[in-house]
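Below you'll find the structure, written out as structure tokens, and then a few comments.
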Amino acid sequence: MESTQSIDSRFSSCQEQLSSRGQAHVLRFWDGLTIDEKASLLGELEAVPWDVLDDLILTHIVNQPVVAAPGDLEPAKVFPCHPPEERKAEYERAIEVGEQKLRAGQVAAMTVAGGQGSRLGFDGPKGMLPVTPVGSYTLFELFAQMVAAAQQKYETSIPWCVMTSEANHAQTLAYFESKNWFGLSPDDVYMFSQQMLPAFDLAGKLIMSSRSGLALAPNGHGGSIKALVDSGTLAKLKARSVTVISYFQVDNPLVKPFEPLGIGLHVSTGSEMAIKVIPKADDLERVGNVCSEQGRVRVVEYSDFPEALAKSRDANGKRRFDSGNAAIHFFDVDFVERVAGRSFQMPYRRAVKAVSYVNESGEVIVPSEPNAVKLETFVFDVLPLANNPLVLEIDRGEEFSPVKNASGSDSLDTAHRDLIARSYRWLTAAGVSLPRSADKKPGAEVVIMPSFALDASDVSRGTSEVPAIGAGEQVLLQ
Ligand code: UTP
């Protein structure tokens, strides 16, 4: 245990630092804390990056950040999902390049899973959410199966990076251990945590979550760039000759991290960072708009995107800005290293959320209204730094159905529907007949697991194993 003398001297310098910033209220309960609680509070306070926060308190917390109006935006140049006749050969070559990369073990998967999933309200890390409508496999189980199936298909080992945060690391690690790493080699799974930042009240004061602890929140998925480097994970990937990181969010059960076309196009076009886009469902859909500004590709959040542009049409009457960010990327390892190594500071975004706090009497208050500001960086903000960024359109129903909300759009219900619809499409294309309702909707709950097929093209190999499926049945193909 640390000596009282050393705690006292750390306390003095913290107190000085906090008083000069008008933040000494966080030491209010000091005298009643145990020595362990004191040490833990000091650890949190010493880790606060005041060099960054001093300015942000003024620009992003006490005041709303001034978002520069986007400059001359043009639609980004997009590689279509389905190539026209004259580009078919180019796409076929890209698939071969992607397959070679995978076979050579040069592709790693990466899941960002450090978020707090507050909209969903699931009790636990979001990756532990049972997501398949049949079998109740969790998101992490699904992704682990994708890694295992790709390892088998391409006869190689594939590392899987999982970014957590202090808010869920211990629980996530315990879950992976309890599942025996889902049958993967623990040497292939790299779990690391991102940085946390304090939350502030709307007057710019630090919030405490307990008498001895600050309210901390993960610093946004943009934190993944630095965390990859700081955790030593990037160095480990380099030592394994990995050159491409296939990045996705923990909430998308339809993701295809190992589809060779995207990997192949990313590599053969010399792209340093790729972004997959979905055609927007409507002009004002709440997705980021992937645009080009002075020749640089960037994502403009829907909230910052001028409505006139969102509604604009081209000469053929088609939506001009139709590329929505699907939050799926390929990163070159060298690009991550370059961006993390330079002084470039990713812009901070202000998120106003409800955060529990202790009041002056030490009672924990759970607010019903947003009372706090969290500061986050977003990974797509490094896109303008990438050379030759690839923008690849995908079919939404094939690769994108995030679970964000407890009900309604982007919920477990829509993910279930989309998993079944995709399984139906793949099986039907392979010639399997399936029950349907009068209005042609799936008449059974059929789910293809990655161990059965990673993509539609894998299905034909297994059709002999598909049982006859009757209306209303639940079938899991694995
Ligand atoms: P979201 O923006 O959906 O945030 O994250 P969230 O925290 O999961 O959910 P809400 O907004 O509180 O409801 C998109 C992805 O980025 C990851 C999430 O885990 C998810 O995969 N993420 C988000 C991080 O890894 N770290 C963060 O700090 C924030």
Side-chain angles (χ1 to χ4, degrees), residues 49 109-129 131 138-140 142-143 160-169 171-173 175 190-199 215-228 230-231 233 245-255 257 275-276 278 286-288 299 301-303 324-329 331 336 346-356 367 370-382 399-412 414-415:
M110 169 156 170
T111 311
V112 283
Q116 293 176 304
S118 50
R119 281 170 289 172
L120 182 65
F122 174 66
D123 185 18
K126 214 192 241 188
M128 288 167 61
L129 176 78
V131 76
T138 65
L139 283 154
F140 281 138
L142 205 55
F143 303 143
W160 179 24
C161 310
V162 181
M163 185 178 82
T164 61
S165 65
E166 208 177 290
N168 61 24
H169 183 82
Q171 237 184 317
T172 307
L173 181 62
Y175 178 64
Y190 300 132
M191 197 180 286
F192 58 94
S193 286
Q194 66 183 112
Q195 197 195 358
M196 304 290 280
L197 285 176
L216 297 169
N219 65 344
H221 44 65
S224 57
I225 300 283
K226 201 163 171 319
L228 265 170
D230 291 353
S231 64
T233 307
I245 298 171
S246 177
Y247 167 110
F248 56 96
Q249 301 192 335
V250 75
D251 51 26
N252 182 12
L254 257 55
V255 72
I275 181 164
K276 289 191 173 182
I278 39 169
R286 292 158 75 94
V287 287
V299 176
E301 281 287 76
Y302 58 85
S303 44
N325 175 18
I328 305 171
H329 304 285
F331 286 101
V336 173
M346 297 171 80
Y348 280 91
R349 314 273 175 157
R350 174 187 211 255
V352 182
K353 303 260 168 124
V355 171
S356 300
N371 62 322
V373 176
K374 293 184 188 177
L375 295 166
E376 296 192 343
T377 57
F378 291 168
V379 80
F380 56 69
D381 278 325
V382 297
E399 295 188 47
F400 184 70
S401 185
V403 183
K404 301 274 185 203
N405 305 312
S407 59
S409 63
D410 294 342
S411 65
L412 206 45
T414 51

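Start at 1 and go down the list; that is how both ligands and their atoms are numbered.
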- Query: Does even one non-hydrogen atom of Gly220 get within less than 4.0 Å of ligand 1?
  - Reply: yes
- Could you label the plane-to-plane angle of the His329 and Phe331 rings as parallel, tilted or perpendicular, counting under 30° as parallel and over 60° as perpendicular? tilted
- Nearest to atom 20 (C) of ligand 1, what protein heavy atom do you find, and at what distance? Val112 O, 3.8 Å
- According to the interplanar angle, ranging from 0 to 90°, do the rings of Phe248 and Phe143 count as parallel (below 30°), tilted (30 to 60°) or perpendicular (above 60°)? perpendicular
- atom 6 (P) of ligand 1: nearest protein contact (heavy atom, Å): Gly117 N, 3.5 Å
- Message: Looking at Glu166, I'd like to know if its CD atom is crowded, meaning that more than 12 non-hydrogen atoms belonging to other residues, nucleotides or ligands lie closer than 6.0 Å.
- Response: no
- Message: Using heavy-atom distances only, which candidate in Gln249, Gln116, Met196, Arg119 approaches atom 2 (O) of ligand 1 most closely?
- Response: Arg119
- Spacing of His221 atom NE2 and Gln249 atom CD [to the nearest 0.5 Å]: 5.0 Å
- Min over Lys374, His221, Lys404, Glu376 of heavy-atom distance to atom 16 (O) of ligand 1 lands on His221
- Counting from 1, what ligand 1 atoms have a heavy atom of Val250 closer than 4.0 Å? 19 (O), 21 (O)
- atom 19 (O) of ligand 1: the protein heavy-atom neighbour that sits closest, reported with distance to 0.1 Å: Gly115 N, 3.0 Å
- For atom 12 (O) of ligand 1, state which one of Pro218, Gly114, Ser118 supplies the nearest heavy atom. Ser118
- Task: Scan side-chain atoms only and decide if Gln116 and Lys353 contain a donor-acceptor pair under the 3.5 Å cut-off.
- Result: no
- Message: I'd like to know whether NZ of Lys226 has more than 12 heavy-atom contacts from other residues, nucleotides or ligands below 6.0 angstrom.
- Response: no
- Enumerated ligand 1 atoms positioned under 4.0 Å from heavy atoms of Met163: 25 (O)
- Query: Considering only heavy atoms of Gln194, which atoms of ligand 1 have at least one such atom less than 4.0 Å away?
  - Reply: 24 (C), 25 (O), 26 (N), 27 (C), 28 (O)
- Task: Would you please test Leu228 and Ile245 for side-chain contact (heavy atoms from CB on, under 4.5 Å) and show each step?
- Result: CA-CA 11 Å; Leu228 265 170; Ile245 298 171; 4.0 Å; yes
